[in-house]
Amino acid sequence: MKNKLTLDILCNPYTHNKLEKISKDKDEFLIDVETGQKFLIQDDVPAFISSSDINGANEDSTKFYNSFAPFYELGQKVYYSFFGGEEKARNDYLKYLNIKEGDKVLEVSVGTGANIRFLPRSAQYFGLDISLGQLKQCSKNSEKYGLNIELFWGNAEYLPFRDEAFDVVYHIGGINFFNNKKKAIEEMIRVSKKGTKLLIADETEKVAKFYEKIPYFRGPFKNREGTISAPVDLLPENVKDIKVTEIRKGTLYCLEFIKI
Ligand SMILES: C[S@@+](CC[C@H](N)C(=O)[O-])C[C@H]1O[C@@H](n2cnc3c(N)ncnc32)[C@H](O)[C@@H]1O
């Protein structure tokens, strides 16, 4: 897949300076115009992180998803068969998004791109994930299903996007085990335009109790701190209309709010 790279929404996730694309020998990079820091573009995906930067719970998650990535889609099909099939189960939360023609839409932790298959084709999609294994599958799916999506390897806690770059921002299924949930939420809000509706959804304590008993899946669930709940207490001041709903038989919380 040829990732086309919309440069005017990108920035260095650590300095927020603008980036330019350069070629050196056979490699392509994005370079911070002020500090000269370079980010390699590997297989059309800019790398805003390296494996050695990933630690703590983020490292556990990355290792898990790198190994599970080839089976993720099948696993999801089986799981969603208990909730009326994948399309219905994903639409149960995707219906909270308000995507209009031409919108720039960011999925933080895009995984294999499974949500984007069920969203309007008339928008422009951007996906970031910390697992290269998941991004590889996403790239394949993008070709298979003809998705209009640009991919980035990075950490949700340091988004490589400029302030107010997106019309729609959402995250599904990873935040419970991020190293720094508050920072990730602040980043999703920073890159959203004013008036944007954001959606953050993840599994509830009910699911954690189930998974903690199952070998292979139990890792993050077994080591969780306290009881899982929607991270309402981590929201900053510049949001309004906060709403929490539990869907799919109480297995998924959906936290919606608007940036002001
Ligand atoms: C359950 S999957 C959800 C994927 C996709 N959103 C979906 O609904 O199918 C969770 C995803 O979160 C990603 N993830 C975990 N920690 C992350 C972090 N700190 N930054 C970005 N992505 C992360 C994982 O690599 C994985 O792809």
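Start at 1 and go down the list; that is how both ligands and their atoms are numbered. In what follows, every heavy atom counts, from backbone to side chain, and hydrogens, waters and symmetry copies are set aside.
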(message) Quick check: Glu157 and ligand 1, any N/O pair under 3.5 Å apart?
(response) no
(message) Taking only non-hydrogen atoms of Tyr72, do any sit less than 4.0 angstrom from ligand 1?
(response) yes
(request) Answer with side chain, backbone, both or neither: which part of Glu107 has a heavy atom less than 4.0 angstrom from an atom of ligand 1? (result) side chain
(request) Find all atoms of ligand 1 within a distance of less than 4.0 Å from any non-hydrogen atom belonging to Asn58, and give their numbers and elements. (result) 19 (N)
(request) Take the angle between the ring planes of Tyr72 and Phe68 and call it parallel below 30°, perpendicular above 60°, tilted in between. (result) perpendicular
(request) Give the numbers and elements of all ligand 1 atoms closer than 4.0 Å to a heavy atom of Ser131. (result) 25 (O)
(request) Over 60° means perpendicular and under 30° means parallel, so classify the ring planes of Phe161 and Phe126, tilted if in between. (result) perpendicular
(request) Report the residue from Asn66, Thr62, Thr112 that forms a side chain to side chain contact (heavy atoms under 4.5 Å, CB included) with Gln134. (result) Thr112
(message) Looking at Glu73 and Arg117, is any side-chain nitrogen of the basic one under 4.0 Å from a carboxylate oxygen of the acidic one?
(response) yes
(message) Can you confirm, on distance only, whether ligand 1 has an N/O atom lying under 3.5 Å from any N/O atom belonging to Ala156?
(response) yes
(request) Using distance alone, decide if ligand 1 has a nitrogen or oxygen within less than 3.5 Å of any nitrogen or oxygen in Ile172. (result) yes
(request) Among all protein heavy atoms, pick the one closest to atom 8 (O) of ligand 1 and tell me residue, atom and distance. (result) Asn115 ND2, 3.0 Å
(request) Check whether any N or O atom of Gln76, backbone or side chain, sits under 3.5 Å from an N or O atom of ligand 1, and answer yes or no. (result) no
(request) May I ask you to establish whether Lys38 and Phe29 are in a cation-pi arrangement, using a distance under 6.0 Å from NZ or CZ to the six-membered ring centre and at most 45° from the ring axis? (result) yes
(request) Answer yes or no: does atom NZ of Lys95 have more than 12 heavy-atom neighbours from other residues, nucleotides or ligands under 6.0 Å? (result) yes
(message) Please determine whether a side-chain nitrogen of the Lys or Arg among Arg190 and Glu187 lies less than 4.0 Å from a carboxylate oxygen of the Asp or Glu.
(response) yes
(request) Give the atoms of ligand 1, by number and element, whose distance to some non-hydrogen atom of Val110 is under 4.0 Å. (result) 5 (C)
(message) Can you confirm if the NZ or CZ of Lys240 lies within 45° of the ring axis of Phe257 and under 6.0 Å from the centre of its six-membered ring?
(response) no
(message) For Arg248, is there an ion pair with Asp92 - N to carboxylate O distance below 4.0 angstrom?
(response) no
(request) Would you mind checking which non-hydrogen protein atom is closest to atom 27 (O) of ligand 1, with the distance to 0.1 Å? (result) Asp129 OD2, 2.8 Å
(request) Please write down residue, atom name and distance for the protein heavy atom closest to atom 17 (C) of ligand 1. (result) Phe178 CE2, 3.2 Å
(message) I'd like to check which ligand 1 atoms, numbered from 1 as shown, lie under 4.0 Å from a non-hydrogen atom of Ser61.
(response) 15 (C), 16 (N)
(request) Among all protein heavy atoms, pick the one closest to atom 1 (C) of ligand 1 and tell me residue, atom and distance. (result) Tyr65 OH, 3.0 Å
(request) State the atoms of ligand 1, each with its element, that fall below the 4.0 Å cut-off from a heavy-atom position in Ile130. (result) 14 (N), 15 (C), 16 (N), 17 (C), 18 (C), 19 (N), 20 (N), 21 (C), 22 (N), 23 (C), 25 (O)
(message) For Asn155, which part has a heavy atom under 4.0 Å from ligand 1: side chain, backbone, both, or neither?
(response) both
(message) With no hydrogens and no angle check, just 3.5 Å: does a side-chain donor-acceptor pair link Gln37 and Asn12?
(response) yes
(request) Considering non-hydrogen atoms only, spot the tightest contact between Leu151 and Cys138 and give its length. (result) CD2-SG, 3.7 Å
(message) Is it the case that ligand 1 has an N or O less than 3.5 angstrom from some N or O of Arg90?
(response) yes
(message) On a heavy-atom basis, I'd like to know which of Gly173, Ala57, Ser109 is closest to atom 5 (C) of ligand 1.
(response) Ser109
